[in-house]
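Structure first, commentary second.
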Amino acid sequence: MTVRRIIIVGSGVAAAQVATRLLSRDKSLSILMLEAGPDIVMRDRRKWQDMVTAGSDPYEANKETDADAGIIPPNMTVVGMRLFGRGGTTAHWGGSSFRLKPEDFFLHTNAGREIDWPFGYDTLEPYYHEAEHALGVEGDSADDDPPRRGKKYPLEALPFVALDGPVVTAFEASGISYGHVPMARSSNCVTTGTCIYCPVGGKYSADLTLGTFWDEHRFELRLNAPVLRVLLHNKRSASGVEYVDTAAGKHHREPADEVIICAGAFESPKLLLASAEPRWPHGLGNDSGHVGIHPKWHHRLLVTGTLANNLRRLRHELDIPTLCTRHFDTAKEQRLGKFYITNLGTQEFPRPLNELLQGGASAGEIDALGQGPVSFTLIGSQEHFSNDGDFVRLAPGTNRFGLPRMEVRVTEFEDGRTRSNLAAAQMARVLEAMGARGIRTSCEVGTSHFAGATRMVKHGSDGVVDENLAIHGMDNVHLCSNSVFPSIGSVNPTLTLVALALRLGDQLCS
Amino acid sequence: MAGESADMTYIDRREALALFASASTVLLTWDVRAGASGGNYLLEAISGPLALREPHVTGTLLGPEREQLLHLFQLIGMRWDMAASGVGEDEFADLVDSKASTHPSYLTEYREAAALLAHARSGGDLSGSADVLLLPRLATTDFATTRLGRFQKFVSNEFMTWYLMRGGFRRFGYVNYRGYGGGSFVDHSHLPYRTLNEKDQ
């Protein structure tokens, strides 16, 4: 039997999910997965102990540094947001697993922004359902916005924490609909509240999926193996990739029948640009000049107010958000940009409880503080649109993982400040309805869910990949990362990315 | 682990409270007693960077050293009235063993801390010294680099956080806390946190 060899670039959630689908559906293929970073040691008791007692970062070895990331705008947080290593960024993600809504697929038609997806919600809906099972999402199966068509989440929604009470009351008084935050949690979860580094694997992370391949002889993962370029037979066909073994300092060429780039929102367009050669002089798939442009992301809005007292000593006893509203995540909001709100909860007293102990407060003083004035924070995630002139591109030098450094330019879209102000004002009204005073707002610009720099379009003149995630003008190079999103709505894109990965796996096996 | 923890001795709650109550005068004088070098023992500056000493040296604490650290842990529980919250001492011993025996090792810091605590106890004033040992000296210049500053950074402050998160939080009215495994959420009839529709548990 002829073995079809597939190289997957990256080992994050998209890579893991497309690999698991391919391995389960096609016995005639083998997969070589190349990951730029080292291992990410998960569920390590000592790492967890150091994190909770000393505040150390369990992922320090898997993050780029300010010095080596590249040229990043000072108001944009990139360093520390993404992880390089086995399993990628889902090792430290929060786990919120929202579906996009049907109108998100038609942003241009509805609001004249960006470009429509080449297919609608109905195409992705079956894969959303599979993705929820792949990630072990808990959620409210009765919530039919967006439509679920009777399909249930694998786990029931976490009941709202007591801390959500004042916010629920304010939502109801303000006529704002609300619901549960769907979260990727497994039945292993024992609610330690240390989800950023779960000690028991109770939160989905891609390493869990990769761990299921341990006895799969058709699968190999190489770490410390940044891919430098895609190699070509001819303009339409890739022959493999070139990567460097950073531990040994040796370059290697690996042949492939198919290359799937799952390298994330920044590295995927960078790899296409780095693969420029005479047949693709501006970078793979970049004859139309769309690689690296149209970046979009989410603004993070934090609105905080102070309640006069907290007699029930409410605090977030899960450290997983349970309450959200998608009331402003509707077609009506699309022109300015959608946003959704979650309840981040109370700030602990004036300082975290352990710091009060360390500062010498007595138990009685802490009791009094615990029932006294408390600040309460809502967090908003706001859709941001791309601007002409924004880009991600290669910069000279390499980072600590052997990948090219990058240059990023992002600017506020024309109505962006107006949208942020309106969204913050809406969040402030919720806090006012709770009786909060001293309300203050902060906006973290362009910090999360970067996407769109190799967007998916019907025609190659408008973007980079087609509706099947193949690079326009090529037969055997596919992209599966947030970079293919034509638009991102207001919610965490991970579930949509997993749905795309599963769909890609099916298409490659068909 | 259980066999090892048998080396540890435990102080009685009444004993500790009595010592707390009677020791303030001793405390004020204890930390300014001359150390071996003739200077202020607790506030003596320790040379070197403010990082773990000898993190590559792993090993197991001796029984008396472990006993001193457990004694400190118990004092923390009593200082903040958390002793009744059911924090497991076996779990504490496990934490100490883990940090001493794996890289980056706390073994040297723990041994220095045990010596400091033994020094205090030899004067008969350890429990009374709790505040002197546990609270920061905001007025002291370069406090972080002193013997006491290092003791607090690498030992007592971490023990406080551990005590709090492994059950001490209950003293302050909470049902679950960051770092505490409250239990599964799958069985909604026994949720490990206060919910919107419940009265406080």
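In what follows, chains are A, B, ... by sequence order, proteins preceding strands, each numbered from 1. Owing to the predicted nature of the structure, the values given are computational and were not obtained by experimental measurement.
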Q: Determine whether more than 12 heavy atoms belonging to other residues, nucleotides or ligands lie under 6.0 Å from atom NZ of A:K152.
A: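 For A:K152, atom NZ is not crowded (no more than 12 foreign heavy atoms under 6.0 Å).
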Q. Which answer fits B:M165, side chain, backbone, both or neither, if we ask what part of it has an atom under 4.5 Å from a heavy atom of chain A?
A. side chain
Q | Interchain contact, B:L164 with chain A, by part (heavy-atom threshold 4.5 Å) | A | side chain
Q | Pick from B:K153, B:R178, B:Q152 with the largest number of heavy-atom pairs that fall under 4.5 Å of chain A | A |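 Ranked by heavy-atom pairs under 4.5 Å with chain A, first place is B:R178.
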Q: Take A:R45 and B:T102 through the side-chain contact (heavy atoms from CB on, under 4.5 Å) test and state the conclusion after the steps.
A: CA-CA 11 Å; A:R45 181 181 59 158; B:T102 57; 5.9 Å; no
Can you name the nearest heavy-atom pair linking [X] to [Y], along with the distance?
| X | Y | result |
| --- | --- | --- |
| A:S187 | B:S184 | O-OG, 4.2 Å |
| B:P192 | A:T191 | CG-OG1, 3.4 Å |
| B:Y174 | A:L353 | CE1-CD2, 4.0 Å |
| A:P159 | B:H188 | CD-CE1, 3.6 Å |
| A:G165 | B:L196 | CA-CD1, 3.1 Å |

Euclidean distance, [Y] [atom2] relative to [X] [atom1], rounded to 0.5 Å:
| X | Y | atom1 | atom2 | value |
| --- | --- | --- | --- | --- |
| B:Y193 | A:I320 | OH | CD1 | 8.0 Å |
| A:L356 | B:F172 | CG | CZ | 8.5 Å |
| A:Q49 | B:W162 | CD | CH2 | 5.0 Å |

**Q.** Winner by heavy-atom pair count (cut-off under 4.5 Å) against chain B, out of A:L155, A:D164, A:L318, A:D319
**A.** A:L318
Within the 4.5 Å heavy-atom criterion, are [X] and [Y] side-chain neighbours or not?
| X | Y | value |
| --- | --- | --- |
| A:R46 | B:S101 | no |
| B:L191 | A:E317 | no |
| A:L357 | B:M82 | yes |

(Q) Quick one: does any side-chain atom of A:T192 pair with a main-chain N or O of B:G181 as donor and acceptor, under 3.5 Å? (A)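 Pair absent, no side-chain N/O of A:T192 close to backbone of B:G181.
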(Q) Using only atom types and a distance under 3.5 Å, with no angle test, would you say the side chain of A:R315 pairs donor to acceptor with the backbone of B:Y177? (A) no
Q) Does any pair with a residue in residues 156-165 of chain B pass salt bridge (Lys or Arg N to Asp or Glu O under 4.0 Å), and if so which ones, sequence neighbours excluded? A) B:K99-B:E158
(Q) Just to be sure I understand the criterion: a residue of residues 170-180 of chain A counts if one of its heavy atoms is under 4.5 Å from a heavy atom of chain B. Which ones qualify? (A)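 Expected list: none.
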Q. Can you list the residues that meet the side-chain hydrogen bond (donor to acceptor under 3.5 Å, both in side chains) rule with A:W48, with sequence neighbours excluded?
A.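 A:T194.
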Please look at [X] and chain B and tell me whether the side chain, the backbone, both or neither of the residue comes under 4.5 angstrom of a heavy atom of that chain.
| X | value |
| --- | --- |
| A:S186 | backbone |
| A:D50 | both |
| A:V168 | side chain |

Show me the donor-acceptor pairs, under 3.5 Å and distance only, between side chains in residues 358-367 of chain A and residues at least two apart or in other chains.
from   : atom 1 : to     : atom 2 : distance (Å)
A:Q358 : NE2    : B:N157 : O      : 3.0
A:Q358 : NE2    : B:T161 : OG1    : 3.0
A:S362 : OG     : A:E365 : N      : 3.1
A:S362 : OG     : A:E365 : OE1    : 3.4
A:E365 : OE1    : A:S362 : N      : 2.7
A:D367 : OD1    : A:R313 : NH1    : 3.0
A:D367 : OD1    : B:R171 : NH1    : 2.9
A:D367 : OD2    : B:R171 : NH1    : 3.0
A:D367 : OD2    : B:R171 : NH2    : 2.7

